[in-house]
Amino acid sequence: MAVVSNRMIRPDVGRVWFRSRALARQARPGQFLHLRVPDANAAILRRPFSIHDVVGDRIAILYRVVGDGTRALSALSAGAPVDVIGPLGIPFRVMPSRPPLVVAGGIGIAPLQFLLRRMTARGLHPRLLYGCLTRSALLPHLAVTRAVTTDDGSCGGRGLVTAALAREIGRRPGAAVYACGPWPMLRETARLCRERGVPCQVSLEARMACGVGACQGCAVKGTAGYLTACHDGPVFDARTIDWDQGVAV
Amino acid sequence: MAVVSNRMIRPDVGRVWFRSRALARQARPGQFLHLRVPDANAAILRRPFSIHDVVGDRIAILYRVVGDGTRALSALSAGAPVDVIGPLGIPFRVMPSRPPLVVAGGIGIAPLQFLLRRMTARGLHPRLLYGCLTRSALLPHLAVTRAVTTDDGSCGGRGLVTAALAREIGRRPGAAVYACGPWPMLRETARLCRERGVPCQVSLEARMACGVGACQGCAVKGTAGYLTACHDGPVFDARTIDWDQGVAV
Amino acid sequence: MAARRDAIDLSVSFAGLRLKNPVIAASGTFGYGTEYRGLAAAFGAIVTKTVTAAPRAGNAPPRLCETRSGMLNSIGLANVGIEAFLRDKLPALAGCGTVVIANIAGNDVAEYGALARRLDDAPGVAAIEVNISCPNVKQGGAAFGADPAAAAAVTRAVKRATALPVIVKLSPNVSDIAPVARAVAAAGADALSLINTLFGMRIDIERRRPSLGNVTGGLSGPAIMPVALYHVHRACRAVGIPVIGLGGIATAADAVEFMLAGAAAVQIGTATFVDPAAVRSVARGIAGYCRRQGLSRAAEITGGLRC
Amino acid sequence: MAARRDAIDLSVSFAGLRLKNPVIAASGTFGYGTEYRGLAAAFGAIVTKTVTAAPRAGNAPPRLCETRSGMLNSIGLANVGIEAFLRDKLPALAGCGTVVIANIAGNDVAEYGALARRLDDAPGVAAIEVNISCPNVKQGGAAFGADPAAAAAVTRAVKRATALPVIVKLSPNVSDIAPVARAVAAAGADALSLINTLFGMRIDIERRRPSLGNVTGGLSGPAIMPVALYHVHRACRAVGIPVIGLGGIATAADAVEFMLAGAAAVQIGTATFVDPAAVRSVARGIAGYCRRQGLSRAAEITGGLRC
Ligand SMILES: Cc1cc2nc3c(=O)[nH]c(=O)nc-3n(C[C@H](O)[C@H](O)[C@H](O)COP(=O)(O)OP(=O)(O)OC[C@H]3O[C@@H](n4cnc5c(N)ncnc54)[C@H](O)[C@@H]3O)c2cc1C
Ligand SMILES: Cc1cc2nc3c(=O)[nH]c(=O)nc-3n(C[C@H](O)[C@H](O)[C@H](O)COP(=O)(O)OP(=O)(O)OC[C@H]3O[C@@H](n4cnc5c(N)ncnc54)[C@H](O)[C@@H]3O)c2cc1C
Ligand SMILES: Cc1cc2nc3c(=O)[nH]c(=O)nc-3n(C[C@H](O)[C@H](O)[C@H](O)COP(=O)(O)O)c2cc1C
Ligand SMILES: Cc1cc2nc3c(=O)[nH]c(=O)nc-3n(C[C@H](O)[C@H](O)[C@H](O)COP(=O)(O)O)c2cc1C
Ligand code: FES
Ligand code: FES
C-alpha cells in the first residue's frame, strides 16, 4: 500500500491518504488499520489507527503525533510504501431506524468521519456533537448538522460535549449514539445513554500487539470478563464495558 | 557536521563529503572518524571510517556498503546532519627521507588517498601499488605514479598486489611502505618488508565501541600483548603486530 | 535455478515429530491457531496458547508495553481452560495444514499431569509443550522452571500421563540453565524448548506508575535474542535430547544462529506480531542459507557451530 | 525562567558520597577516566575499569559484537593491575572534576580484601565498587554474584579491609536478585549497584563461528533496560541500603524510571559509546522532569513509584 499524500492539518495532527482498492472496498466505519512504521527508534510493534475516511480507492487515517511511531508516520512522503494489516476489528453497527447522534471528543473524530459519510450515503441524517478543548484543536470533518462545543468556549458552545449530548438526547427520541473520544467522555456518554435507555456504541483504545485476537494483550474490562479491543472491538456496545476500570494506555 | 554530497561511485561503494573546518584542519592521514548513523535498524554503535580525503574545509569518507550502518549512510542526502567524533587514532608517520611505496588492496585505498595527497603536497613522490579482485572493483584515486594489479588480470598486471610489491621493493632501495587492505595482503606485505628490512606501516581494522581507548573492545594482538586499534592504532608499525592471529571482524 | 531451489529439503524430524519446515509459531503469540487467518499452514508446526485446567481471565490491563527492540507482556495466561479448548478450539484446527502442539500449565504437579492426560487422546494434537516458565503468574510458571527438582517432577508427571511427545519449555531467568535442562531430560522429556520471556518492567514516568497493570512482565522480541541464543547453546551442550530454540528471532539469519548452536527447530513469537509474513521469510531464508552453504537439508544446519 | 532552571538541585547524597548529579559513568565503559578527554567532569561520579591484583591481557578478539538495540562484549577484565593503577592511572585523575569510584575484582575472597586494602588510603578514591558480576572471566566474576553466601563473604572481606564506602555490583543472571541483595546488605555493604551485563551470544552464520573470540559475552545497551529495571525494583524492595541503577540507560526518561523504582543514582555505560554527550542530556533531562513534576531536587524522584 502506498502513500498518496500526507499532510499536517494541525501542528500535532496529520492526515495520510493511501491507495488500496482492496482495503477501500472492505473497510467499514469503526474498523482500524494496523500499520508498521519503519525506523521508529527501535519501536517494533505495529500501530493501530482507525479508518478515518474512504473515497474511491483511497483510504485515510488521521493521526495525532504523540511518540516515535506517529512521528515516523508524519515523515512519510507520497509514494512511500506502507505495510498495513486490515481492515481489522468490529465496525459500528448502524441502526437505520434510529436518528444517529454521533459524539466526538478531540482526535476521537478520526473514525467518526467515515461513519458520518456512510450514514449520509445511506440517507440517514446524523447529528454530530463535537467537543474539543479549544478552537485550535478542532479538526475538519464532514459537513453534517452539528453542534460544536469547546471546553473554553472559544468556538461553539462552552463546556463539555457530554453536556450537549444530555440536551440532544432529550430532543431526539429514539436516537442511537455512536461515540469516540477520551475515556472520561465515553464513560459519561455511556452513563447518559444507559440512564435514558439510548443504545450506545463506543470505539475504545488499548495498546495492541497482534491486532487480530491472538495475544490477549489489548484487554478491556467488560461487565462479563475481559474483552479484546482488537477482536471483540474496537467498537463495543457501551453496556458491555466496565466503566469503573482505571484506564491507561 | 553536515553532508555536502553523497554519491555511489561503484554499485557497492559510496563517497560522502562533509563540511567541517575544524575536522579538516586537524585531520591527519590514517586517522578515522567515528560516525553515528541514525535509524540503522536498531544498530546502536558508531561506525569507524578512515578519513579518505580532505580538500579545503571538506572531509570525505569512502565506504563500502556491507550492512545496515553503511546502507543507512548511503541514504544520507546533502544537508543531512551527521554526528561525528574525531579525528581519532594514530596517523601514518611519513618518513620524508625514504621513497614512499603505498600499497592498497580494494577498499583499503580509503585512507591512502589522503596520505598520497599529503605526501605529494610535501614534495614526495609516492608510488601507489593498487590491487583489486577485478577491473570493476577499482576505485578512483589521486593521479600519482602507480601500478595497478587485478587478481584476474582484467586491468593492469595480473596477480596479487603483494607480488608487485616484492618487485618494487627491489627497485626502490631505502623505501618505506604504507599499506591498507585485507588481512592476508597486509600479512604478506609485513612479511616482505621484514624480510627486506623495509619500514612498514599498516592500517588495521577491528570492531569498535568507544573509539577512544576506553573499552578495550578493539583489541588486536601485538607481539607484546594486545593493542587497541582505536588508540594504539589504527596505523601500526607492522613489526608490532602478531601476524599469526586468526582475524575476523 | 528452479531445480536447485526445489532441492533444499526444509523438513525436520525430532522427538517423533515431522515438520515440513523448522519454523514453529510460539505459544501465546498465535492464539488458538485460527486468529491469523490462513497463516497456520505456513508454519512447520503451531503451539497453541497455554491452557490451564480452569479458564483464566488474565491480568489487569495494560498488558503490553513496548521497549527498545522488544516488548513486555503480562497477559497472565488468559485462556479458555482445557475443556473449552478441547470442545471449541481444537476442532477448529482440523485441516489447518500443519502440526498442532498443545501448550499446558498447571498450578501444581498433579494438575500438569491431569492436563496431559486430558490431551493424550485428543484428536489432532501431535505433542505437548509444558510451560514451566511463565513469568506472569503467581503459581506454577517460572518457579517450576528455576528449580531442577520441580521441573523434573512436572516432566515425570506429564510423561506418565501421555504417550505424546513431551516438550518442556524452560525459563531464561536462571543463573545456569544446564542443571534444569539435564534434570528435565533425565525425567524423560522428549525435547526442550527455550526460552520463555525474561523478567522485565517499565515505568510510566509522568504518572509514576508501572507501565503494566501487573507491575512486571515478560520481555520478548529482538532485544532478547542474544540471551536466548546463549541459553540454547548451553542447553544443547548439556543434554542429548532435541532442543527447540526461540527468543527474539525475527530473520532467517537469527533462526540459523539457533540451529547452528544446536536447535532442531525454532519458534517465532513477537516477530509474527511485527510481520505475520515473518514465518515465510524466515523459512525462505533458511533455504537460501542452505544453498549458500551447499547443504541440501535444513536439518544439516543443526549443531554446525565450530567453536 | 533562568531562575527556575537554577532552582533544580541535581545533587544526590548516599552511602557517604555526595555527587553533583546522579549520573555516574559505568565501569569498563569509561576506561581510567581520561580517555574521553574532559568528559569526566560532566558526571556526578566515574567508576574506573575493574582492576585486578595482577594485570590482565583480556580475552581473545573479537571482543565486541552488535545486537539489536544492544551490544555484546567479552573484554575479560583487561586491565593494568592494581599497582599500575595506583601508580599511573589514579594520579592522572587528580583534578578530573568529579568523584572517583574504583572498581575491583578478585579471583577469591582474600584477593578482594587485598585489593580493597590497597585502595583504602589511595588518594582520590572516594569509594570502592566491588564487581562480583563479570560474565567474561572464569574465576570470580558472576559466580560470586549468583551465590548469596559467596557474595556476602566477598562483601565482608572488603568491608574489613577498608573504611571507604563499599558498593557491591550485582549480576542479573540469577532467578531472584533479592536473596543476593539481602545477603550483601547484611554483610555490611554501603550500597548496591546493578545490573552488570546479561549472558549473551551471537554466531557468525557464514563462518559458522561464535561472533566473539570468547564464545559468550555480556549484553548491554537499551535492549536490557527493562530487565535491569525489574531487578533494581526488586532489589530496592529487598534492602534498605541505597541502590545505584544501571543497564541500558540512554535517555533521561530511562534514568527517571530507575530513580522512581528506588535508585539513588544511575550509571550509564553503553550510552556513552553511542553518544559521549549522553551524560549531559540525561542530567539535563532529569532536571526537566523535576520541573514538570514540581520537584526542586532530583533526590526527590527516588522511590516515587506508586504501585
Ligand atoms: C483501535 C485503535 C484505533 C486508534 N485510532 C487512532 C487514530 O485514528 N488516530 C490516532 O491519532 N491515534 C489512534 N490510536 C492511538 C494510536 O494507536 C497511538 O497514538 C499510537 O500507537 C502511538 O504511537 P507512537 O509510537 O507515536 O507513541 P508511543 O511512543 O508508542 O506512545 C506515546 C503515547 O501513546 C500511547 N499509546 C501507545 N500505543 C497506543 C495504542 N495502541 N493505543 C492507544 N494509545 C497508545 C502510549 O501509552 C503513550 O502514552 C488508536 C488506537 C487504537 C487501539
Ligand atoms: C579504523 C577503521 C577504519 C575503517 N575505515 C573504513 C573505510 O574507510 N571504508 C569502509 O568502507 N570501511 C571502513 N571500515 C570498516 C567499517 O567500519 C565497517 O564496514 C562498518 O562499520 C560496517 O557497518 P555496517 O553497519 O554497514 O555493517 P555491519 O552490519 O555492522 O557488519 C557487516 C560486516 O562488517 C563487519 N564490521 C562491522 N564493524 C566493523 C568494524 N568496526 N571494522 C571492520 N569490520 C566491521 C562485520 O563483522 C560484518 O562482517 C573501517 C573500520 C575501522 C576499524
Ligand atoms: C503476548 C505474549 C504471550 C505469551 N504467552 C505465552 C504462553 O501462553 N505460553 C508460553 O509458553 N509462552 C508464552 N509467551 C512466550 C513466547 O512463547 C516466547 O517464549 C517468547 O515470547 C520469546 O519468543 P519471541 O521473542 O519470539 O516472542 C508469550 C509471549 C508473548 C509476547
Ligand atoms: C565494553 C564493556 C566493558 C565492561 N567492563 C566492565 C568492568 O570492567 N567492570 C564492571 O563492573 N562492569 C563492566 N561492564 C558492565 C557495565 O559497567 C554495565 O554494568 C553494563 O554495561 C550495563 O550498563 P549499560 O547498558 O549502560 O552499558 C562493561 C560493559 C561494557 C559494555
Ligand atoms: S492486540 Fe492481540 S489480542 Fe488484541
Ligand atoms: S573501541 Fe574502545 S578501546 Fe578501541
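Bear in mind that the values here come from a model prediction, so they are computed numbers and not experimental data. For the numbers below, each heavy atom of this structure counts, side chains included, while hydrogens, waters and symmetry mates do not. So that the names make sense, note that chain A is the first sequence line, chain B the second, and so on, each numbered from 1.
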> Evaluate the side-chain proximity of D:I286 to D:P22: yes if any heavy-atom separation is below 4.5 Å, no if none is.
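The answer is yes; the side chains approach within 4.5 Å.
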
> Report yes or no: does C:Y112 contribute a side-chain atom to a donor-acceptor pair with the main-chain N or O of C:N131 at less than 3.5 Å?
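Yes; at least one donor-acceptor contact below 3.5 Å.
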
> Using a 4.5 angstrom heavy-atom cutoff, name the option from C:I205, C:V215, C:V174 with the most pairs to chain D.
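Ranked by heavy-atom pairs under 4.5 Å with chain D, first place is C:I205.
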
> Report the option among C:I301, C:T67, C:D254 that has the most heavy-atom pairs separated by less than 4.5 Å from atoms of chain D.
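Sorted descending by pairs with chain D, the first entry is C:D254.
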
> Counting only non-hydrogen atoms closer than 4.5 Å, can you tell me which residues of residues 217-229 of chain C sit against chain D?
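Only C:L219, C:P222, C:A223, C:M225, C:P226, C:V227, C:L229 of residues 217-229 of chain C have a heavy atom under 4.5 Å from chain D.
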
> Using non-hydrogen atoms and a 4.5 Å limit, figure out which bit of D:F258 sits close to chain C: side chain, backbone, both or neither.
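Neither part, no heavy atoms under 4.5 Å.
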
> Report yes if the side chains of C:F273 and C:L64 come closer than 4.5 Å at any heavy-atom pair, otherwise no.
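They are not in contact (no side-chain heavy atoms under 4.5 Å apart), so the answer is no.
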
> Which of the residues C:C65, C:G248, C:G200 is involved in the greatest number of heavy-atom pairs with chain D at under 4.5 angstrom?
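So the answer, after comparing C:C65, C:G248, C:G200, is C:G200.
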
> Under the 3.5 angstrom rule, does the side chain of C:N196 hit a backbone N or O of C:S133 as a donor-acceptor pair?
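Side chain of C:N196 to backbone of C:S133: a pair is present.
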
> Please collect all salt bridge (charged side-chain N to carboxylate O under 4.0 Å, His left out) contacts where either partner lies in residues 218-237 of chain C, sequence neighbours excluded, each pair once.
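Listed once each, the pairs are C:D176-C:R234.
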
> Can a donor-acceptor pair be found, under 3.5 Å and without considering hydrogens, that links the side chain of D:N173 to the backbone of D:L198?
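Between the backbone of D:L198 and the side chain of D:N173 there is no qualifying donor-acceptor contact (under 3.5 Å).
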
> Which one wins on heavy-atom pair count under 4.5 Å against chain D: C:R202, C:R209, C:M259?
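Top count of heavy-atom pairs under 4.5 Å with chain D: C:R202.
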
> D:H233, D:R306, D:H231: which one forms the most heavy-atom pairs within less than 4.5 Å of chain C?
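That would be D:R306.
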
> Short question: side chain of C:S296, backbone of C:I8 - any donor-acceptor pair under 3.5 Å?
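Not at all, since once roles are kept as given, no pair shorter than 3.5 Å links the two residues.
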
> Between C:Y230 and D:F199, what is the ring plane arrangement, given parallel below 30°, perpendicular above 60°, and tilted in between?
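If you compare the ring of C:Y230 with that of D:F199, the planes turn out parallel.
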
> Measuring only between side-chain heavy atoms, which start at C-beta, is D:L194 closer than 4.5 Å to D:V243?
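Yes. Closest side-chain heavy atoms under 4.5 Å.
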
